[in-house]
Amino acid sequence: MQNLDWVVPGIPDEMFERVEKIPMTKEEIRAITISKARLRSGWKVLDIGCGSGSITVEAARLVGDGGKVTGVDRSHDACQLTLRNLERFGVSARAEVVEADAVDYLSRGERFNAIIVGGASEEIEEVISLARRCLLPGGTLVLNAIMLETCTRAVASMRASGFEGVECTEVIVARGMYASQGTAMIARNPVFVISCRVGE
Ligand SMILES: C[S@@+](CC[C@H](N)C(=O)[O-])C[C@H]1O[C@@H](n2cnc3c(N)ncnc32)[C@H](O)[C@@H]1O
């Protein structure tokens with residue numbers, strides 16, 4: 001396996017185990033999403049809709065041995081894949097994976113320093129309002145959305161829930177594909193990264 005001595009997010013996509021039909025947040029989106037979460041060493045992080053586990057893995061690398069990441073997904077196969085990717089990158093001891101629906105899990109009321117949401121767009125208002133109650137002072141919430149409607153609903157809901165520093169970034173990435181005559185830039189789908197924080 002490629003050397004992973006760096007500490008900033010940026011594990012190449014191809015290093016993760018992938019399974020057909022289980023989505024994965026792509027490398028550049030992942031880096032921006034994690035940057036907006038302002039993760040600190042020792043933090044407790046919740047990754048809702050952990051999918052292939054790429055965000056769970058990167059967060060587990062960043063929070064260090066004193067921190068902990070909980071990946072939650074309603075798909076059994078996604079949970080199993082996340083567990084395998086945690087193992088693959090040697091960070092299983094800093095993480096747990098729970099098979100559950102986002103709203104059900106957040107309703108348990110466990111407290112976190114940061115919550116990252118990659119799924120659950122249908123019930124985004126409820127997820128945001130529950131996340132507000134689960135976040136510790138100074139905590140951060142970051143959501144990824146592909147639909148404009150989800151983005152506007154999320155921004156309105158964050159403001160209504162009393163979050164500070166609500167911001168939305170649309171990330172449009174094009175990657176070079178090398179062909180015999182040169183390099184064609186192939187666009188990926190735009191993704192909204194919506195973030196906010198709880199006051200100290
Ligand atoms: C785009 S993927 C997230 C990818 C993930 N961030 C990664 O790095 O691989 C969205 C995931 O959210 C999960 N999901 C969607 N709605 C959910 C809900 N209501 N509760 C729990 N998980 C949900 C899906 O099963 C899917 O695995």
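The figures that follow rest on heavy atoms only: side chains count, while hydrogens, waters and symmetry mates do not. Numbering of ligands and ligand atoms starts at 1, following listing order. Along the sequence shown, residues are numbered consecutively beginning with 1.
- Here's the thing with S54: one of its N/O atoms is less than 3.5 angstrom from an N/O atom of ligand 1.
- By the 3.5 Å distance cut-off applied to N or O atoms, D73 is counted among the residues near ligand 1.
- Under the side chain to side chain contact (heavy atoms under 4.5 Å, CB included) rule, F163 has a single partner from S157, S195, C196, which is C196.
- Across G71, S52, A59, heavy-atom proximity to atom 9 (O) of ligand 1 is greatest for S52.
- For E122 and R74, the salt-bridge test passes: some basic side-chain N is under 4.0 Å from an acidic carboxylate O.
- Neither W43 nor V198 shares a network with the other; the hydrophobic side chains, linked directly or stepwise wherever heavy atoms of I, L, V, M, F, W or Y lie under 4.5 Å apart, form separate groups for each.
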May I have the step-by-step check of side chain to side chain contact (heavy atoms under 4.5 Å, CB included) for D13 and K26, ending in yes or no? CA-CA 7 Å; D13 286 344; K26 301 296 180 300; 3.5 Å; yes

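- Test T152, V155, V193 against C168 for side chain to side chain contact (heavy atoms under 4.5 Å, CB included) and you get one pass: V155.
- Cluster membership for L141 and I116, using ILVMFWY side-chain heavy atoms within less than 4.5 angstrom, is not shared.
- If you check which protein heavy atom lies closest to atom 10 (C) of ligand 1, you get G118 O, 3.3 Å.
- No heavy atom of S121 sits closer than 4.0 Å to any atom of ligand 1.
- Under a 4.0 Å criterion applied to the non-hydrogen atoms of I55, ligand 1 contributes the atoms 8 (O).
- Counting only non-hydrogen atoms, the option in S75, A102, C50 that gets closest to atom 5 (C) of ligand 1 is C50.
- Here the heavy atom of the protein found nearest to atom 17 (C) of ligand 1 is R74 NE, 3.4 Å.
- The closest approach between a heavy atom of E123 and any atom of ligand 1 is below 4.0 Å.
- The distance criterion of under 3.5 Å between nitrogen or oxygen atoms is met by A120 with respect to ligand 1.
- Nearest heavy-atom pair across P137 and R111 is CD-NH2, 4.4 Å.
- Scanning the protein for heavy atoms near atom 3 (C) of ligand 1, the closest one is G49 O, 3.1 Å.
- Contact check for V69 versus R94: no side-chain heavy atoms found under the 4.5 Å cut-off.
- Closest protein heavy atom to atom 2 (S) of ligand 1: P23 CG, 3.5 Å.
- Distance from atom 6 (N) of ligand 1 to its nearest protein heavy atom, with residue and atom name: T25 OG1, 2.8 Å.
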Audit row: I11, R30, side chain to side chain contact (heavy atoms under 4.5 Å, CB included) steps and yes/no: CA-CA 9 Å; I11 299 174; R30 204 161 60 232; 4.3 Å; yes

